[in-house]
Amino acid sequence: MAIIAETDITQGQVRSIMTDDPFENMLAQMDRAKEYADVDDGVFERLKHPERTLKVTLPVELDSGEVKVFEGYRCQFDSARGPFKGGVRYHPSVTQREVEALAGWMTWKTALVDLPYGGAKGGVICEPKDLTQNDLESLTRRYTEGIRRMIGPETDVPAPDMNTNSQTMAWMMDTYSMYEGHSVPQVVTGKPLEIGGTPGRVEATGRGVSIVTERLFEYLDRDLSGASVAIQGFGNVGSNAAKLLDEAGARIVATSDVTGAAYDPEGLDVSALDAHVTAGGLIDEYVAGDRRDVPIADGDGDRGDGWWDAPEMISNEELLTLDVDVLIPAAVEGVITADNVRELRASAIVEAANGPTTVAADEVLTERDVQVVPDILANAGGVIVSYLEWVQNAQEFSWPLETVNAELERRIGRAFDQTIEQYDAKDLPDLRTAAYTLALERTASAHEYRGLFP
Ligand code: NAD
């Protein structure tokens with residue numbers, strides 16, 4: 001693994017941080033917060049190590065007739081506060097270290113938003129674009145069989161993450177249930193409504209991102225109406241955040257996928273772009289005018305008669321450096337680094353993706369007074385609504401969308417307020433440190449009450 005030396009500008013010295021290792025990044029974030037957190041040294045040491053990680057080998061016969069052997073992981077990081085909870089990611093760049101870092105971040109996230117859960121994460125190394133629907137089903141069932149001894153409604157509850165969705169959860173739930181001999185909807189969250197899913201789960205993470213962005217603007221005493229927003233990644237999280245922020249009056253000037261970014265300083269037509277992407281279209285096709293399912297402009301829009309969204313194509317790197325009011329990374333981790341942080345011009349960053357900012361970049365942002373709403377707060381909407389789904393499954397009762405959304409807003413709003421309170425009361429350097437001190441103190445306190453076994 002390459003070690004990239006990043007210049008630590010604040011300290012004026014070079015410090016080695018494995019910027020391509022998200023686990024090192026997570027440990028560095030913990031170390032940064034430890035200075036201000038009331039946590040016993042022994043317990044803190046314990047919190048730096050995942051409880052366990054299972055690696056599974058997954059031979060699958062593909063539709064093509066080829067037998068392909070995939071590799072998958074499930075990391076259970078910490079369970080002091082409750083059952084393990086965390087998504088499953090399908091991506092070619094999945095590694096054991098990445099899964100462990102993501103499981104750690106889930107632990108701090110569930111503690112920060114005060115859910116009775118610990119943290120976990122799963123991942124399979126694969127390129128979903130190269131797999132048929134049948135291949136994905138076989139792979140998911142085989143992966144579920146591989147990890148089924150460690151998951152369960154009271155032990156570890158998976159959910160969707162990158163390149164997995166409600167269909168993936170349905171296959172996981174079915175496979176687990178087949179072994180149990182009866183339906184166990186509570187073993188996963190993010191399921192389709194028909195088999196115990198909750199209304200509001202699909203858009204929950206994006207809704208949470210939109211809520212914390214609004215709260216941040218209130219806190220900074222700035223007007224969100226007309227504010228410019230750039231969103232890297234127009235997948236589940238990015239597209240839902242874009243739609244809700246657009247509805248709230250913000251101007252979404254750029255968004256992207258793996259092909260690059262669409263940019264229009266006047267603001268993109270988010271619903272047209274969403275229709276195109278939902279129909280399987282890519283951003284570069286949209287910019288080139290090759291659009292799917294785009295409603296014909298009827299002249300009724302508030303953008304003027306016959307208005308046609310004609311953005312220009314820029315790169316994902318250029319999107320990050322746009323002069324906008326808010327930058328929302330909503331794709332992969334490690335995109336804001338010591339290499340590009342000085343070119344960033346956004347005055348605030350809301351981390352929808354997990355781990356998008358390296359520690360060295362973070363220090364520069366703090367020094368420059370750029371407000372960063374950290375991932376463990378900004379993208380917690382997904383796990384909050386997952387928890388609400390799990391509770392409904394336990395009660396064998398379903399709530400209406402309004403109840404789910406109100407509870408999401410209440411919980412993420414409370415976590416936002418507590419983070420701000422901590423930041424102001426302890427005069428902490430940034431919001432990430434405030435969020436981490438709360439999360440570490442809560443998890444450490446659970447460990448102290450429970451004690452060391454044996
Ligand atoms: P997704 O697969 O639905 O969308 C990912 C988007 O990012 C797509 O538009 C994809 O084209 C783009 N992308 C992928 N690789 C890229 C790259 N290298 N550069 C630029 N764009 C790239 O995934 P998602 O569920 O929206 O998750 C996005 C992020 O949010 C991840 O970091 C994930 O861990 C985090 N997250 C997701 C949830 C959830 O509920 N889905 C919850 C919390 C956090």
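Note that ligands are numbered from 1 as they come in the structure, with each ligand's atoms numbered from 1 the same way. Position 1 is the first residue of the sequence; numbering continues from there. Side chains included, hydrogens not; waters and symmetry mates left out as well; all remaining heavy atoms used.
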Full working for salt bridge (charged side-chain N to carboxylate O under 4.0 Å, His left out) between Lys243 and Glu247: CA-CA 6 Å; Lys243 281 187 274 184; Glu247 275 169 30; over 6 Å; no
Please report which non-hydrogen protein atom sits nearest to [atom], along with the residue it belongs to and the distance in Å to one decimal place.
atom                    : result
atom 28 (C) of ligand 1 : Ala330 O, 3.4 Å
atom 33 (C) of ligand 1 : Asp161 OD1, 3.3 Å
atom 18 (N) of ligand 1 : Val332 CG2, 3.7 Å
atom 29 (C) of ligand 1 : Ala331 O, 3.2 Å
atom 25 (O) of ligand 1 : Asn236 CB, 3.8 Å
atom 37 (C) of ligand 1 : Val237 CG2, 3.5 Å

Could you check whether [Y] and [X], counting side-chain N and O atoms only, form a donor-acceptor pair closer than 3.5 Å?
X      : Y      : result
Tyr90  : Thr140 : yes
Gln232 : Asn316 : yes
Glu318 : Ser315 : yes

For ligand 1, which atoms, with element, lie under 4.0 Å from some heavy atom of [X]?
X      : result
Asn354 : 32 (O), 33 (C), 34 (O), 35 (C), 36 (N), 44 (C)
Asn316 : 19 (N), 20 (C)
Ala352 : 30 (O), 35 (C), 44 (C)
Phe234 : 9 (O)
Ala353 : 29 (C), 30 (O), 32 (O)
Asp257 : 9 (O), 11 (O), 21 (N)
Asn163 : 2 (O)

Plane angle bin for Tyr436 and Trp108 - parallel if under 30°, tilted between 30 and 60°, otherwise perpendicular: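 Ring orientation, 0 to 90° scale: tilted.
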Geometric class of the Tyr219/Phe416 ring pair [parallel <30°, tilted 30-60°, perpendicular >60°]: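 Correct class here is perpendicular.
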Heavy-atom gap Arg201 to ligand 1 smaller than 4.0 Å: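 Right, Arg201 reaches ligand 1.
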Asp417: which of Arg410, Arg411, Arg215 passes salt bridge (charged side-chain N to carboxylate O under 4.0 Å, His left out):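 By the salt bridge (charged side-chain N to carboxylate O under 4.0 Å, His left out) criterion, Asp417 pairs with just one of Arg410, Arg411, Arg215: Arg215.
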Option of least heavy-atom distance to atom 34 (O) of ligand 1 (set: Lys129, Arg89, Met162):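 Selected option, by shortest heavy-atom distance: Arg89.
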Of the listed options Ala378, Gly235, Gly86, closest to atom 5 (C) of ligand 1 (non-hydrogen atoms):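 Heavy atom nearest to atom 5 (C) of ligand 1 belongs to Gly235.
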Reported CE-to-CD1 distance for the pair Met173 and Ile195, which is rounded to 0.5 angstrom: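 Between atom CE of Met173 and atom CD1 of Ile195 there are 4.5 Å.
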Distance (rounded to the nearest 0.5 Å) between Leu245 CG and Leu224 CG: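 If I round to the nearest 0.5 Å, the distance is 6.0 Å.
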Ligand 1 N/O within reach of [X] N/O, cut-off under 3.5 Å:
X      : answer
Thr205 : yes
Val258 : yes
Lys109 : no

Over-ring placement of Arg291 relative to Tyr286, 6.0 Å and 45° cut-offs: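 Relative to the ring axis of Tyr286, which defines the angle, Arg291 lies inside both limits.
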Residues Glu409, Arg207: salt bridge by 4.0 Å N-O rule: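 Answer for the salt bridge query: no.
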Backbone of Leu115 reached by a side-chain donor or acceptor of Arg81 within 3.5 Å: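 Checking the backbone N and O of Leu115 against the side chain of Arg81, a donor-acceptor pair under 3.5 Å is found.
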